[in-house]
Every structure is written in C-alpha cells, then in structure tokens.
Amino acid sequence: MDRIKWVLDRAYALGARNLSGPLHSTLGHFSGVGPTTEEFGYSLDAQRQIGDHAAACGIVVGLEALNRFECSLVNTMDDLCAHIREIDPAGAPTRNTGEIVHIHISENDRGVPGRGNIMWRNFFAAVQKTGYDNWLTIS
C-alpha cells in the first residue's frame, strides 16, 4: 500500500489525472486454485484505500483485467467490473461503461495489435458506442 500511495503522490506531482494498471492483485502469484473470498476481500480493502488516496490527489484509478497467465483474481472485463461494483456500488450507473477510465490495447497474446485474433474493427466500434474519448495505450 505504501508503494501505491507513493506512486499516486508522484503522479499527482507530475499533474497526472489517471493512473491505470493491474492494481487489484499481485502479478504472477498463483495459489494453484481459484481466488478465494478472502483474497477478494483483501483486494476490496486495498482498492478502497487506494481510491481514498487517489481521490485526495484528484486522480482516477483505472483497473486492468489480466489474462490467466498473469493473475488469478480478475481475468475478464465482467469479473473486473463486478469487482469494481463491490468496491463502490454507487459508482457504476451502467454495467461496464461507467467504469472505463482508461483503455489499454494489445493482441490476445499481449502482442502488437493486428498480429493476433482480436477483431479490431468491432472493438473500436464498441469503444465508440460507449462514448469513451480518452487515451488508448499500448505497452
């Protein structure tokens, strides 16, 4: 928690308004079984603390769902949005659109867009329908 608060403080000092990434769980740590209620509870507690600190800095935190090879807590957009609604149920006026504050794009294998199986034309049409008008990033 200290590290994330430090990152938020530095982001604030740089004038950032958004900080996005897989801040919901430890990357690459797998227990061999699916996530437990206790693990979701730890994440909810951490996200509330992160959210409070981010709000004090005027920063919106965007969580990123990761594939099953990188994390075991939330692997789909539906899982992620359900988790976000648990963090702040009043903050989700619509199923998913209201939670989108950052979009990170890559292929299904985390590679360069256009070299995998994602149907980008359909993806961008769906993004446009949400009204999202901010950065799309590749890393």
Which heavy atom in Leu73 sits nearest to a heavy atom in His24, and how many Å separate them?
CD2-O, 3.5 Å

Heavy-atom closest contact (Leu80 atom, Glu64 atom, distance)
CD2-C, 3.9 Å

Non-hydrogen side-chain atoms of [X] and [Y] separated by less than 4.5 Å:
X      : Y      : result
His83  : Phe40  : yes
Trp135 : Ile103 : no
Leu19  : Val7   : yes

Hey, is CG on Asp52 packed in by over 12 heavy atoms from elsewhere, all under 6.0 Å?
yes

When you measure from the side chain of [X] to the backbone N and O of [Y], does any donor-acceptor pair fall under 3.5 Å?
X     : Y     : value
Ser43 : Ser25 : no
Asn67 : Glu70 : yes
Gln47 : Leu44 : no

Determine, step by step, whether Phe124 and Ile105 satisfy the side-chain contact (heavy atoms from CB on, under 4.5 Å) criterion, reporting the C-alpha distance in whole Å, the side-chain angles of both residues, the deciding distance to 0.1 Å, and the verdict.
CA-CA 10 Å; Phe124 290 121; Ile105 62 175; 4.3 Å; yes

Output, in order, the C-alpha distance, side-chain angles, deciding distance and verdict of side-chain hydrogen bond (donor to acceptor under 3.5 Å, both in side chains) for His102 and Thr137.
CA-CA 8 Å; His102 171 82; Thr137 61; 3.1 Å; yes

SG on Cys71 to CG on Leu66, rounded to 0.5 Å
4.5 Å

State plainly whether one hydrophobic cluster holds both Trp6 and Leu23, where clusters connect Ile, Leu, Val, Met, Phe, Trp and Tyr through side-chain heavy atoms under 4.5 angstrom apart.
yes

